[in-house]
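Note that the coordinates shown come from a computational prediction; the quantities given were computed from them, not determined experimentally.
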Number of protein chains: 2
Amino acid sequence: MASPRRTTLHDVAQEVGVSAKTVSRVLNGDGPTSPATREKVMAAVEKLGFQPNLMARNMRVGGPDSTVGLIIPDMGNPFFGTVAGGIESAVRQRGLTLLMGSCADDPDRERALSNTFLARRVSALMVVPTVGADHAHLRAARTAGMPVVFLDRPGTGLTADGVVSSNRDGAREGTAHLITGGHRRIAFVGDRPATLYTRRERLAGYREALEAAHLPYDRSLVLDGHTEAEAAEAVQRVLHSPQPPTAILAANNFAAMGTVLGMVREGRRDVALVSFDDLPFAEVLEPAITTVAQDPAAIGRAAAEIALARLDGDRTRARTVTVPTRLIPRGSGELPPPR
Amino acid sequence: MASPRRTTLHDVAQEVGVSAKTVSRVLNGDGPTSPATREKVMAAVEKLGFQPNLMARNMRVGGPDSTVGLIIPDMGNPFFGTVAGGIESAVRQRGLTLLMGSCADDPDRERALSNTFLARRVSALMVVPTVGADHAHLRAARTAGMPVVFLDRPGTGLTADGVVSSNRDGAREGTAHLITGGHRRIAFVGDRPATLYTRRERLAGYREALEAAHLPYDRSLVLDGHTEAEAAEAVQRVLHSPQPPTAILAANNFAAMGTVLGMVREGRRDVALVSFDDLPFAEVLEPAITTVAQDPAAIGRAAAEIALARLDGDRTRARTVTVPTRLIPRGSGELPPPR
DNA sequence: ATGAAAGCGCTAACAT
DNA sequence: ATGTTAGCGCTTTCAT
């Protein structure tokens with residue numbers, strides 16, 4: 001009981017009694033076709049359930065496929081989902097379809113996925129680089145005219161276009177906000193590994209704010225946590241230390257959730273908090289959480305615009321676009337230090 | 001300054017001084033090859049940055065592409081991201097790559113995306129059906145041997161395999177939990193449109209629990225809200241009604257977030273809440289939120305297993321797998337009614 | 001161990 | 001308005 005072969009253009013042509021090229025003309029609307037054959041062809045297509053084989057078409061036409069590839073490190077993070085939405089709506093207007101894959105934080109899988117996309121001749125490739133991944137292998141495809149855009153973090157081993165948030169400025173602003181409120185001991189809860197681009201940049205912004213206010217940089221106030229649970233534990237520990245912080249800058253949404261969880265577990269509502277990344281529940285908590293909001297949709301849009309410009313022949317040198325963040329004061333960052 | 005043509009198998013062959021077929025043999029490791037040529041070929045591949053054109057390969061080989069397509073209605077919902085993760089890890093073991101696209105709740109775009117996947121000859125197609133979409137056009141591909149699996153909701157116009165949560169049982173259990181706590185006026189906050197499969201099933205489970213306890217079904221306690229904001233407003237309104245509920249069953253995560261937001265705005269911490277779908281912040285709120293947790297990763301795994309079995313020749317009739325939900329009492333569902 | 005020819009499904013270029 | 005031929009890049013089949 002073998003499956004029937006997939007219907008081809010020839011099957012349709014035979015059914016109607018015309019040549020394959022005529023069917024092709026009808027379907028792609030290029031050459032002239034009589035209304036009569038057009039109808040007959042469409043009927044046969046419907047009847048046989050014909051799906052044109054785009055691989056064959058693309059191969060003959062020679063151009064790239066009408067898809068854009070996106071590689072993200074983690075499907076569960078809605079941040080990337082929103083980024084993807086921004087790309088999607090921008091490329092769709094050009095008749096391109098966004099296809100995405102997740103590498104689950106694995107550099108080997110990132111490599112495999114990019115080969116998958118390259119081998120299928122996507123029009124452009126967008127990558128949110130995973131820690132440890134190298135991107136030198138993309139050079140050939142890029143030289144052959146395929147745009148490569150790095151999102152959220154710069155790529156490694158390849159100079160290409162990129163789009164990032166104003167991580168440093170945003171973190172500086174968030175920290176300064178706490179300092180203005182009177183805080184002098186401010187903890188930083190960041191992602192791991194500490195070499196992660198966004199973490200480095202945000203830590204740098206945090207330090208800039210401290211320096212500007214002539215506050216000391218205390219390493220014991222810099223905490224790690226890749227997951228919510230880890231961040232929560234780190235926060236609980238530091239709140240029990242001899243000189244606990246009176247305020248916390250959480251450097252991403254998982255860190256922020258963990259920080260809130262840690263504070264709840266300790267029954268501490270008196271610690272000020274500013275979170276980098278907006279949170280779905282930011283407005284629901286008491287106090288509501290002050291955030292340094294990123295604009296993931298704008299990041300996606302900017303990346304798509306760069307890629308489309310490249311496809312249109314833009315040959316200027318690689319550039320990096322910075323999408324601004326915005327401080328949204330909501331309450332948690334306005335708590336004064338105890339005195 | 002035109003882009004250089006993409007390197008082909010022949011380019012590599014010419015560089016080495018062998019035939020194309022020899023290069024093909026080296027790359028796919030089928031026929032016998034001498035170690036010497038093997039090395040030279042690999043070197044040339046590296047030097048020229050050769051990426052085999054999978055479209056050409058697949059076309060000649062005739063089989064399906066080594067990708068699996070997934071269509072989801074919304075990128076921003078982490079529920080679907082987790083489902084995708086479950087599929088991904090299951091199909092990867094078979095050398096298949098998961099590619100996903102979002103139709104943004106638009107049935108036309110769902111159709112376009114499925115054509116995109118079909119035209120590229122994916123090995124299998126997974127669809128989370130969007131409201132208003134029809135799936136009859138998938139019949140031909142399915143007949144030709146491509147597995148189709150519907151996730152989270154049944155498809156329309158096509159009998160195919162499916163995987164869903166135990167929506168009705170879960171909602172009944174969640175509602176019964178509130179009834180056991182002494183509540184007699186329990187509101188239902190659901191998604192829109194009211195015809196949505198998951199909403200219908202969950203409402204049915206809610207009604208079953210009411211009936212089992214001989215409680216009246218009061219339509220004024222059934223609220224709608226497709227977004228967090230809409231749900232919040234509906235909740236605020238009902239709390240001001242003459243006979244307000246003392247407990248709420250939120251039928252999905254957006255409804256739950258909106259419900260919490262509405263309660264916070266009204267300063268009401270005395271209303272019991274059970275949420276269908278687990279929430280990232282469920283444990284952080286006070287009281288922590290009692291949920292009827294789904295298992296999205298298990299949904300994805302089950303769907304992948306069905307598809308793989310079909311690819312292995314399973315020709316039994318279409319079946320629907322139900323993945324159980326689990327009640328997680330955390331506090332918000334244990335609030336007693338005021339007396 | 002390697003090469004030559006044919007063909008996968010489609011369309012560009014040239015007929016008619 | 002339609003048909004024919006050739007070929008996209010690769011692999012199969014059959015040589016050598």
Legend entry - Angle between terminal axes - the helix from dA1(C)-dT16(D) to dT16(C)-dA1(D), 5 pairs each end, rounded to 10°: 40°
Legend entry - Test ring pair (Phe, Tyr, Trp, His ring centres under 6.0 Å) applied to Phe150(A) - qualifying residues, sequence neighbours left out: His135(A)
Inset, instruction - List the steps, then state whether salt bridge (Lys or Arg N to Asp or Glu O under 4.0 Å) holds for Arg317(A) with Asp161(A). - result: CA-CA 8 Å; Arg317(A) 47 177 291 213; Asp161(A) 297 312; over 6 Å; no
Legend entry - Residues forming a side-chain contact (heavy atoms from CB on, under 4.5 Å) with Pro154(A), sequence neighbours excluded: Tyr197(A)
Legend entry - salt bridge (Lys or Arg N to Asp or Glu O under 4.0 Å) contacts touching residues 9-25 of chain A (sequence neighbours left out): Arg5(A)-Asp11(A), Glu15(A)-Lys47(A)
Inset, instruction - State which residues pass side-chain contact (heavy atoms from CB on, under 4.5 Å) with Met59(A); sequence neighbours excluded, sorted by chain then number. - result: Ala56(B), Met59(B)
Do any N or O atoms of the protein come closer than 3.5 Å to N or O atoms of nucleotides 9-11 of chain C, and which pairs are they?
residue: dG9(C); atom: N2; partner: Ala56(A); partner atom: O; Å: 3.3
residue: dC10(C); atom: OP1; partner: Asn53(A); partner atom: N; Å: 3.2
residue: dC10(C); atom: OP2; partner: Leu9(A); partner atom: N; Å: 2.4
residue: dT11(C); atom: OP1; partner: Asn28(A); partner atom: ND2; Å: 2.8
residue: dT11(C); atom: OP1; partner: Arg57(A); partner atom: NE; Å: 3.0
residue: dT11(C); atom: OP2; partner: Ser24(A); partner atom: OG; Å: 2.7
residue: dT11(C); atom: O2; partner: Arg60(A); partner atom: NH1; Å: 3.3

Legend entry - Pairing residues for Arg6(B) by the side-chain contact (heavy atoms from CB on, under 4.5 Å) criterion, not counting sequence neighbours: Leu118(A), Arg121(A), Ala141(A), Ala144(A), Met146(A)
Legend entry - Selection residues 79-117 of chain A - residue pairs positive for ring pair (Phe, Tyr, Trp, His ring centres under 6.0 Å), sequence neighbours left out: none
Inset, instruction - Not counting sequence neighbours, list each pair that qualifies as a side-chain hydrogen bond (donor to acceptor under 3.5 Å, both in side chains) and has a residue in residues 75-89 of chain A. - result: Glu88(A)-Arg92(A), Glu88(A)-Arg109(B)
Legend entry - Short side-chain N/O contact to dA4(C) OP1/OP2 from Ser19(B), under 4.0 Å: no
Legend entry - side-chain contact (heavy atoms from CB on, under 4.5 Å) partners for Leu308(B), two or more places apart: Arg94(B), Leu96(B), Leu311(B)
Inset, instruction - Provide the full list of salt bridge (Lys or Arg N to Asp or Glu O under 4.0 Å) pairs with a residue in residues 48-71 of chain B, sequence neighbours left out, each pair given once. - result: Arg120(A)-Asp65(B)
Legend entry - Bounds of contact between DNA chain D and chain B, in 5' to 3' order, using a heavy-atom cut-off under 4.0 Å: dG9(D) to dT12(D)
